[in-house]
Protein chains: 2
Amino acid sequence: MYVTSPIKTIESQITLSPGHCDEFPSTHEVTFREGDNLFYTGDEADYVYEVVEGVVRSSKVLADGRRQVLNFCYAGEMIGLSHDSYYHCDCDAVSKVRVRLHRKNAFMKDIENDPEFCLKLLRKAAAEVNNMQDHFLMLGRKNAVEKISSFLVAIMDRQNLAKLNSVIFDLPMNRSDIADFLGMTIETVSRNFTKLRKMGVIDLPSTHQVRVVEPARLRSLAENKT
Amino acid sequence: MYVTSPIKTIESQITLSPGHCDEFPSTHEVTFREGDNLFYTGDEADYVYEVVEGVVRSSKVLADGRRQVLNFCYAGEMIGLSHDSYYHCDCDAVSKVRVRLHRKNAFMKDIENDPEFCLKLLRKAAAEVNNMQDHFLMLGRKNAVEKISSFLVAIMDRQNLAKLNSVIFDLPMNRSDIADFLGMTIETVSRNFTKLRKMGVIDLPSTHQVRVVEPARLRSLAENKT
DNA sequence: CGAAGTATTGACTACCTTCAAAAATTGTGG
DNA sequence: CCACAATTTTTGAAGGTAGTCAATACTTCG
C-alpha cells in the first residue's frame, strides 16, 4: 500500500514517489499557521514531515542568535528524517502549512522491507548532497548579486519555470529568511533586489512576488560577474 | 564477503564499516602523487574511491575560476558515489594517496542485495547531510577567526583528538585549500592563524602542523565571539 | 484610520579582499 | 650539503563590498 502523494527529502530534499507508510494510521495530517514551529533542534524525532501545502523553513542557530536557513521545503517535499533519534535543526512554517506526519518507526520499517524504496532514497540523498555542494559554492564564493540571482534561478528550476521567457512567481518567505538562507543581511538582500530591478532583469510587483523579465541574463548573473 | 577496511562517505562522508564489493576483483588499488587528479566533474562515474592512505580534496569551480573545496577525505573515507552516471565535482590528491577503486556496478549490486548495507548507507547519508548543514552555518554566518577555529576543531574531532588537553596534528592541505574550503582568501587564513597563535590558543611548529594549546578556548572561539 | 511590523534607502563603518613586498619553505643541480 | 630558484606563506597598506545603525516608506492588520 502506498500513500497518494509523492514523498521527498531527507532534511528536506530527498524525493521519493510514491511514498509508503500507511499499513496502520501511521500517518495523519496537521495544519500550522504562518510562524508556527513544527519542531526544534533536540526534540525527539518521532515523525517525518511531508509538506502537502505551503512552505516550511529549516534552520540552525548559533549561541549568539546568528541564524542559517538551511532550506525551504515546498509541497511534495519531506523534512525531519534524522540519522539518529533527534532533530538537528529547527523547522517552522513560512506560510500556512498543511503537513502529513509519518511515524518514524513505520517509515523506517518500510525502508527495511523494501530495498527498492531504500535505494531510491539513497540515490535521492546523493542528489541532495550534490545540491548542497552547489550551495557551498554559493555561500562561500558568490557575491551579493550572484547570491540573489542564484536564489531566484533555483526557485524557477524547482518549480519547472525554467523554460519560460518571462516568469512571475511568489516569494512566500520574507527578506529576513532570504538573508539567512544566503548568508547576508536583510539590507543587502533588499539593495540587491533593487539593483536587479533597476538593471531590468527582474520586476517586483510586490514584496512577495518576483517577475523575471530576462531569465537568461539572471542565469548568467548567478554564475559570473557581468 | 567483506573488504578489510572501513568504507565511508557519499561524496566523501558516508561511513560504512565493514565494506563490501569483492566477490570478483571488482576492487583494485591505485596510487596518486600529490597534486594528481582522481577525476573531474563530468567524467563517467565508473568507480567509487576509498581512501586507504593520504588525503584527497573534492571541489567545485565557477566559470571564472573561483573554487569551493567541498571536503577533505582522509583514510577510511569514500568519495565518488554519484546519484547518476557522472561525477559532480573534481577530486585531487592533497598528499601522496593510495585509494581502493570499487567498480560502481558491483558496488550498486551489493547495495541492492543487502538491505542492511543500504540502510546503513542511508543513515550515513543523513548524518552527512547534517554535517553539511553545520558547514552552511559556518560559510554563511561565521567570521574569519570562527572559521579557522571551527576548521581546526573539526579536524580534531574527526581524528578523535577531542579529549586531549594539548594536541599536535598535521595539516596536509596548503593555505589555498583551506581558504577555498572556508570561503576566504589565503591572506585571511594566514592572518587568522597568526592571530590565534598570538592569542596563545594554538602554536604553529611548521606551516603544515598545528599544536592546539587551549582546545577548550579554541572550541568556544569556533562558535562565539570572545 | 492608526499602530505595528516589514522593507527600502541612506550614511558610515568594519572586515575581508586586493595588491604588493618580504620572509620562509621547498625543490633542484652542482 | 650548499646555493639558488621557485613556490608558498606571511605581513603590510589600501580599497571595496557588505554590515551596522538610523530614518523613511510601505504593508498588514486590528
Side-chain angles (χ1 to χ4, degrees), chain A residues 33-35 57 62 64-69 94-96 138-151 170-199 202-210 221 225-226, chain B residues 33-35 57 62 64-69 94-96 138-151 170-199 202-210 221 225-226:
Chain A
R33 279 171 305 182
E34 181 181 332
R57 169 189 71 223
L62 289 174
D64 62 3
R66 280 174 291 175
R67 184 181 71 155
Q68 179 68 41
V69 170
V94 164
S95 59
K96 188 204 166 207
M138 203 211 50
L139 287 172
R141 285 301 176 212
K142 290 189 183 178
N143 65 28
V145 189
E146 293 168 334
K147 283 181 178 180
I148 296 290
S149 304
S150 303
F151 176 65
D170 288 330
L171 285 183
M173 66 295 288
N174 61 27
R175 296 296 185 259
S176 171
D177 290 332
I178 297 174
D180 287 346
F181 182 62
L182 299 179
M184 43 202 211
T185 62
I186 52 173
E187 293 93 333
T188 304
V189 169
S190 184
R191 275 185 245 277
N192 285 279
F193 267 121
T194 304
K195 187 175 180 182
L196 288 175
R197 184 175 56 68
K198 285 184 176 167
M199 288 169 68
I202 64 171
D203 193 20
L204 299 164
S206 80
T207 44
H208 289 282
Q209 276 196 318
V210 179
L221 281 169
K225 294 194 183 190
T226 313
Chain B
R33 279 172 305 184
E34 182 181 332
R57 169 189 71 221
L62 287 175
D64 62 2
R66 280 174 290 174
R67 185 181 72 155
Q68 178 68 42
V69 169
V94 165
S95 60
K96 186 201 167 210
M138 202 212 51
L139 287 172
R141 287 298 175 214
K142 291 189 181 177
N143 65 28
V145 189
E146 293 168 335
K147 283 181 178 181
I148 295 290
S149 304
S150 303
F151 176 65
D170 288 330
L171 284 184
M173 66 295 289
N174 60 27
R175 297 294 186 260
S176 171
D177 290 332
I178 298 173
D180 287 346
F181 182 63
L182 300 178
M184 45 201 209
T185 61
I186 52 172
E187 292 93 332
T188 304
V189 170
S190 183
R191 275 184 244 277
N192 285 279
F193 267 120
T194 303
K195 188 175 178 180
L196 288 175
R197 182 175 56 70
K198 286 184 177 167
M199 288 168 69
I202 63 171
D203 192 19
L204 299 164
S206 80
T207 45
H208 289 282
Q209 276 196 318
V210 179
L221 282 170
K225 295 194 183 191
T226 313

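Chain letters run A, B, ... following the sequence lines, proteins first and then strands; every chain starts at 1.
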Interatomic spacing from NZ in A:Lys142 to CG in A:Leu182 - rounded to 0.5 Å: 10.5 Å

Please round to the nearest 0.5 Å and tell me the distance separating atom CE of B:Met138 and atom CG of B:Asn143. 11.0 Å

Whole-Å gap separating [atom2] ([N]) and [atom1] ([X]):
{"X": "B:Asn192", "N": "C:dC15", "atom1": "CG", "atom2": "P", "result": "11 Å"}
{"X": "A:Asn143", "N": "D:dG19", "atom1": "CG", "atom2": "C1'", "result": "15 Å"}
{"X": "A:Arg141", "N": "C:dC16", "atom1": "CZ", "atom2": "P", "result": "13 Å"}
{"X": "B:Ile178", "N": "C:dC16", "atom1": "CD1", "atom2": "P", "result": "16 Å"}
{"X": "B:Arg33", "N": "C:dT26", "atom1": "CZ", "atom2": "P", "result": "19 Å"}
{"X": "A:Lys195", "N": "C:dT9", "atom1": "NZ", "atom2": "C1'", "result": "15 Å"}
{"X": "A:Gln209", "N": "D:dT28", "atom1": "CD", "atom2": "C1'", "result": "16 Å"}

Each nucleotide N or O in nucleotides 4-11 of chain D that has a protein N or O under 3.5 Å away: list the pair and distance.
residue : atom : partner  : partner atom : Å
D:dT9   : OP1  : B:Arg175 : N            : 3.3
D:dT9   : OP2  : B:Arg175 : N            : 3.4
D:dT10  : OP1  : B:Arg175 : NH2          : 3.1
D:dT10  : OP2  : B:Arg175 : NE           : 2.8
D:dT10  : OP2  : B:Ser190 : OG           : 2.8
D:dT10  : O5'  : B:Ser190 : OG           : 2.9
D:dT11  : OP2  : B:Thr194 : OG1          : 2.6

A:Ile148 side chain near A:Met184 side chain, heavy-atom distance below 4.5 Å: yes

Has the side chain of A:Asp170 got a donor or acceptor atom that lies under 3.5 Å from a matching backbone atom of A:Pro172? no

Determine all donor-acceptor pairs shorter than 3.5 Å in which one atom belongs to a side chain in residues 186-199 of chain A; sequence neighbours excluded.
residue  : atom : partner  : partner atom : Å
A:Thr188 : OG1  : A:Thr185 : OG1          : 3.0
A:Asn192 : ND2  : A:Thr188 : O            : 2.7
A:Thr194 : OG1  : A:Ser190 : O            : 3.0

Identified side chain to side chain contact (heavy atoms under 4.5 Å, CB included) partner of A:Asp180 from the options A:Arg67, A:Arg57, A:Arg66: A:Arg67

Any A:Thr185 side-chain N or O less than 4.0 Å from OP1/OP2 of D:dG19: yes

Heavy-atom nearest nucleotide on DNA chain C taken for B:Glu34 and for B:Met184; more 5' hit belongs to B:Met184

